[in-house]
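We use all heavy atoms of the structure for the numbers below, so side chains are in, but hydrogens, waters and symmetry mates are not. Everything numeric in this text was worked out from a predicted model, so none of it was measured.
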Amino acid sequence: MIGYAKRNVLREQLLKRIVANTQNHVLSELPEDIDEKEVKAVFGKVENAMKEGRIDEEALTEAISQYQDATRRRLSLQERKQAINRLMEGLESAIIVQLE
């Protein structure tokens, strides 16, 4: 019963961990011509959106899954850049923009 009551908290913690692990993976194999600050900024925006409840979890997990699927095998430099760029686009699109 306690687990059921805490399921949202557990899901959020798991999602945060997945995002952090993905960020670490991207940064560990980042091609030289991709700006590390920009990558960190996108992940920072995702983290803030998660804290504020402005994240489309389905879009977020889909973007990360596609990146993980693409990087399961050894990629050429160009393929790795494309996978990272698609991930960045997917992360950005997972952020729900609140209209004022």
Side-chain angles (χ1 to χ4, degrees):
M1 185 161 190
I2 293 173
Y4 182 78
K6 298 284 186 179
R7 72 184 183 283
N8 288 337
V9 172
L10 295 173
R11 187 185 77 248
E12 288 174 19
Q13 292 302 319
L14 179 62
L15 195 54
K16 285 180 186 178
R17 189 72 192 140
I18 291 169
V19 170
N21 287 342
T22 303
Q23 178 180 2
N24 291 338
H25 185 269
V26 170
L27 293 175
S28 71
E29 298 184 6
L30 194 64
E32 289 181 18
D33 57 344
I34 294 182
D35 188 0
E36 182 177 340
K37 290 179 184 177
E38 287 182 26
V39 171
K40 286 181 178 180
V42 171
F43 277 100
K45 285 192 245 179
V46 168
E47 185 179 317
N48 288 336
M50 289 173 68
K51 287 178 186 174
E52 297 170 359
R54 298 183 305 109
I55 200 81
D56 180 338
E57 290 182 14
E58 188 175 321
L60 178 64
T61 56
E62 179 64 24
I64 292 172
S65 292
Q66 287 179 359
Y67 172 76
Q68 289 172 338
D69 289 345
T71 58
R72 289 195 199 287
R73 61 183 176 81
R74 188 81 173 138
L75 300 176
S76 70
L77 179 62
Q78 188 61 34
E79 290 171 323
R80 193 170 38 189
K81 288 179 191 179
Q82 290 173 347
I84 292 170
N85 287 332
R86 280 192 303 271
L87 174 63
M88 295 298 104
E89 291 170 5
L91 294 178
E92 291 272 6
S93 68
I95 298 171
I96 298 170
V97 178
Q98 295 177 336
L99 302 174
E100 296 178 23

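- Residues satisfying the side-chain contact (heavy atoms from CB on, under 4.5 Å) criterion with Ala49, sequence neighbours excluded, are Arg54, Ile55, Ile95.
- Here ring-ring contact (aromatic ring centres under 6.0 Å, His included) pairs that include residues 70-97, with residues two or more places apart or in two chains, number zero.
- No side-chain heavy atom of Arg80 sits less than 4.5 Å from a side-chain heavy atom of Thr71.
- By the side-chain contact (heavy atoms from CB on, under 4.5 Å) test, Ile18 is found to be paired with Leu14, Thr22, Ile64, residues two or more places apart in sequence or in another chain being considered.
- Gln82 is linked by a side chain to side chain donor-acceptor pair (under 3.5 Å) to nothing, counting only residues two or more places apart in sequence or in another chain.
- Evaluation of the side chain to side chain donor-acceptor pair (under 3.5 Å) rule for Ser28 yields no partner, not counting sequence neighbours.
- Linking ILVMFWY side-chain heavy atoms closer than 4.5 Å, directly or via other members, places Ile84 and Leu27 in a single hydrophobic cluster.
- Residues that satisfy the side chain to side chain donor-acceptor pair (under 3.5 Å) test with Lys16, not counting sequence neighbours, are absent from this structure.
- The side-chain heavy atoms of Met88 and Leu91, taken from C-beta on, include a pair separated by under 4.5 Å.
- With sequence neighbours excluded, the residues that form a side-chain contact (heavy atoms from CB on, under 4.5 Å) with Glu38 are Asp35.
- Sorted by first and then second residue, the salt bridge (Lys or Arg N to Asp or Glu O under 4.0 Å) pairs involving residues 55-68 (not counting sequence neighbours) are Arg11-Glu57.
- Contacts of Arg74 classified as side-chain contact (heavy atoms from CB on, under 4.5 Å), with partners at least two apart in sequence or in another chain: none.
- Applying the ring-ring contact (aromatic ring centres under 6.0 Å, His included) test to pairs two or more places apart or on separate chains, those with a residue in residues 30-88 are His25-Tyr67.
- Glu29 pairs by the side chain to side chain donor-acceptor pair (under 3.5 Å) definition with nothing, not counting sequence neighbours.
- Applying the salt bridge (charged side-chain N to carboxylate O under 4.0 Å, His left out) criterion to Glu47, with sequence neighbours excluded, gives Lys51.
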Can Leu60 and Met50 be said to form a side chain to side chain contact (heavy atoms under 4.5 Å, CB included), step by step?
-> CA-CA 10 Å; Leu60 178 64; Met50 289 173 68; 4.2 Å; yes
